[in-house]
Amino acid sequence: MAEVTLENVTKRFGDFTAVKELTMEIEDGKFTVLVGPSGCGKTTTLRMVAGLEEITEGDIKIGERVVNRVPPKDRDIAMVFQNYALYPHMDVFNNMAFGLKLRKTPKAQIRERVHEAADLLGITDKLKSKPRELSGGQRQRVAVGRAIVRNPKVFLFDEPLSNLDAKLRVQMRTELEQLHHKLQTTTIYVTHDQVEAMTLGDRIAVMKDGVVQQYAPPQETYDHPNNQFVAGFIGSPAMNLLPAQAASENGRTVLSSAGFRIALPEARSKQTLPSSVVLGVRPEDLDGPAPDAEGTITLTVSVTEQLGHSLLVYGNLDETQIVASLDPHRRVEIDSTIHLTVNLDTLHVFDPESQETLL
Amino acid sequence: MNRRKLIAKTPLHVTILVFAAIWIIPTLGLLITSFRDPTNIAGTGWWTVFPKLFSGGQYSLENYIGVLSGQSLGQSFLNSLIISVPATAISTFIASFAAFGFAWMRFNGRKVLFMLVVGLMVIPLQMTFIPVLPIYKKLQLAGTFPGIWLAHTAYGLPLTTYLVHNFMAGIPKDLFDSASIDGASPFMTFWRIVIPISVPALASVFIFQFLWIWNDLLVALIYLSARPNVAPLTLSIANLVTNRGQDWELLTAAAFVSMALPLVVFFSLQRYFVRGILAGSVKG
């Protein structure tokens, strides 16, 4: 096991910069998730760690060793691909044993390790099957097994669950979690799914345009997003972002626009804000009207979605669509007007220019 | 199948049946004729056997014995094998290496070289006889088996390389990434992964190339000669037509001798045309 360090890593394809001066330290034994929209450079980063992509500038270290020029096979890593990438002509046993055979591992040891991994993944009865005889979930287990048997320092996962159906994805997700708990191997996991990122990661790196926007534990990216992008990306449904005017009245900051007027508590009013800001409120932080509430938003309901554990209410405020996650037992009619109380302790304020978090 | 589908497919089925009949009826005639004796052939048409199809006495193996020993087609059959099998194997072997290189290895001039190889397909092989023959004479390759192996390999390579390349280029890139992480060298990747996956493509290329060489008359005529010790079946049969053109019983039997092996090859390898071994490796 080892930590992985990226120092000022840049990757250019011709004129296009896929990854820009990325610096990141992945702690030994931790599960780190790279998450972001497609084209944000997360897979390129992973492939550079794997050695499948050359590094244009910077250094990647696995443990104490700089691996920039080390071929993939000598980096002591194992990778699981989105498309499984199983060898179609080999049975499951040989798929898992291939890497060990190439490393001239003694036969008895190969058999022992493959059986151990198969046992762990519950595919022992499939060892003689060819990949085409397996279901998607089983294939992905084989791909994971192939990574485990080598007992590498680092696991790399490239969107391993995105080809599975929704139910299986959730199941495999928890299996991967358990697996990491058992093996405690340093893991880098790429996904575009923020739910996967939140549930799996000890830390998550939110990427956009080749730059890490925030690298923090999942809860922190949710509670304290660094900027507007992270705020909008993490959390589902996404955070509501509303343009507003900021002013100071009697020592309290007041955020207002056509549909609302919110006075922040004194504790959150210490900072001077620019006159024009973006207000960020998570759907979960909008709730039914409390009688003595400070800030309320009024909106006309256009759509409601009953999810069982919550009721999503969509409405328009000026030009902006707002979504609120309410108590599922509440009755909300379409076209009716409702009042929502904003949770003043958790609302966010962003700079519309730099998109950085102000409050 | 519902009625609508049935109606939609009927023209297709009829067309297929007509085409099959156009091919099969003469072949059947050939087959029956080759087992009848000369007087019967001269006296009645081959279709007259049908009313008493399975009664003995009207068939014999005489014609086959005649062509194989008397007309030395046995030796020619062997020659055809000696020519076709190595020539096909060599070109498929080289094509698989070349195709892998063109499809998956990075080197300067790869595209230009590949285009050059593929471009060679447009050169009619007749154009090459005049410049190549003197060289063959000088190297004493004319009239030898290695000489014709070389010629067939050279003529076949552009197409075989192109076909195998197209197949190999379609192998998902993830497999190569996976192999390189598993620690496979390029040769190991080629030998342990690409070749086994490419078996269907290699088999179909093998069949095409084999049939082409087996049925070839022109190249054999130019680079070998009609001497019985080297002449393949095609040459011997062509001679037979010239010398014994009236003896249908011999010609039909000879034709069937030349068809037998391609049929065996086709039927034994045909499953590779149908089966996609790739299914299951990669989703989609």
Side-chain angles (χ1 to χ4, degrees), chain A residues 43 46-47 49-54 71-92 94-105 129-136 138-140 142-143 146-147 149-150 152 154-156 158-159 162-165, chain B residues 92 96-97 99-100 103-108 110-111 164 166-206 269 271-284:
Chain A
T43 295
L46 191 77
R47 290 174 62 84
V49 176
L52 298 172
E53 215 72 73
E54 274 182 40
K73 66 183 170 82
D74 299 327
R75 292 193 180 194
D76 207 357
I77 47 134
M79 185 157 168
V80 176
F81 295 85
Q82 177 176 0
N83 294 325
Y84 323 133
L86 300 178
Y87 309 124
H89 56 293
M90 297 183 192
D91 63 17
V92 169
N94 283 307
N95 260 288
M96 287 165 73
F98 188 62
L100 296 173
K101 278 186 190 161
L102 290 174
R103 284 174 170 74
K104 308 253 182 311
T105 314
S129 310
K130 293 276 174 70
R132 67 171 169 278
E133 296 156 13
L134 303 178
S135 69
Q138 288 166 337
R139 285 180 206 170
Q140 197 52 280
V142 177
R146 191 166 59 173
V149 290
R150 297 240 318 277
V154 183
F155 281 139
L156 306 173
D158 185 8
E159 309 221 11
S162 54
N163 275 346
L164 304 178
D165 62 53
Chain B
T92 312
S96 64
F97 275 86
F100 176 71
W104 289 103
M105 296 185 78
R106 303 273 163 267
F107 55 91
N108 289 336
R110 179 171 70 124
K111 269 193 179 152
V164 180
N166 283 359
F167 183 86
M168 286 184 178
I171 298 175
K173 185 168 185 295
D174 281 357
L175 278 187
F176 294 88
D177 289 343
S178 185
S180 95
I181 287 176
D182 267 343
S185 61
F187 181 76
M188 269 299 196
T189 310
F190 172 74
W191 197 245
R192 300 280 297 272
I193 294 168
V194 175
I195 288 292
I197 290 176
S198 304
V199 165
L202 293 176
S204 69
V205 164
F206 189 94
L269 292 180
R271 69 195 172 103
Y272 289 111
F273 280 127
V274 200
R275 192 179 67 181
I277 200 177
L278 260 188
S281 98
V282 164
K283 173 120 178 176

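What's counted below: heavy atoms across the whole structure, side chains too, no hydrogens, waters or symmetry copies. By convention in this document, chain letters (A, B, ...) are assigned in the order of the sequence lines, proteins followed by strands, and residues within each chain are numbered from 1.
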Spatial distance of atom CZ (A:F81) from atom CG (B:L175) [nearest 0.5 Å]: 9.0 Å
Which heavy atom of [X] sits nearest to which heavy atom of [Y], and what is that distance?
{"X": "B:G183", "Y": "A:L102", "value": "C-CD1, 3.6 Å"}
{"X": "A:R47", "Y": "B:K173", "value": "NH2-NZ, 2.9 Å"}
{"X": "B:S178", "Y": "A:A85", "value": "OG-O, 3.7 Å"}

Electrostatic pair A:R150:B:D182 at N-O distance under 4.0 angstrom: yes
Top of A:R103, A:M79, A:K101, A:M90 for chain B proximity - count of heavy-atom pairs under 4.5 angstrom: A:R103
Polar side-chain atom of A:H89 near backbone of B:R192 as donor-acceptor pair, under 3.5 Å: yes
B:I181 vs A:R75 side-chain heavy atoms within contact, under 4.5 Å: no
Engaged part of A:L100 at the chain B interface, taking heavy atoms whose separation is under 4.5 Å: neither
Part of A:A143 lying under 4.5 Å from any heavy atom of chain B: neither
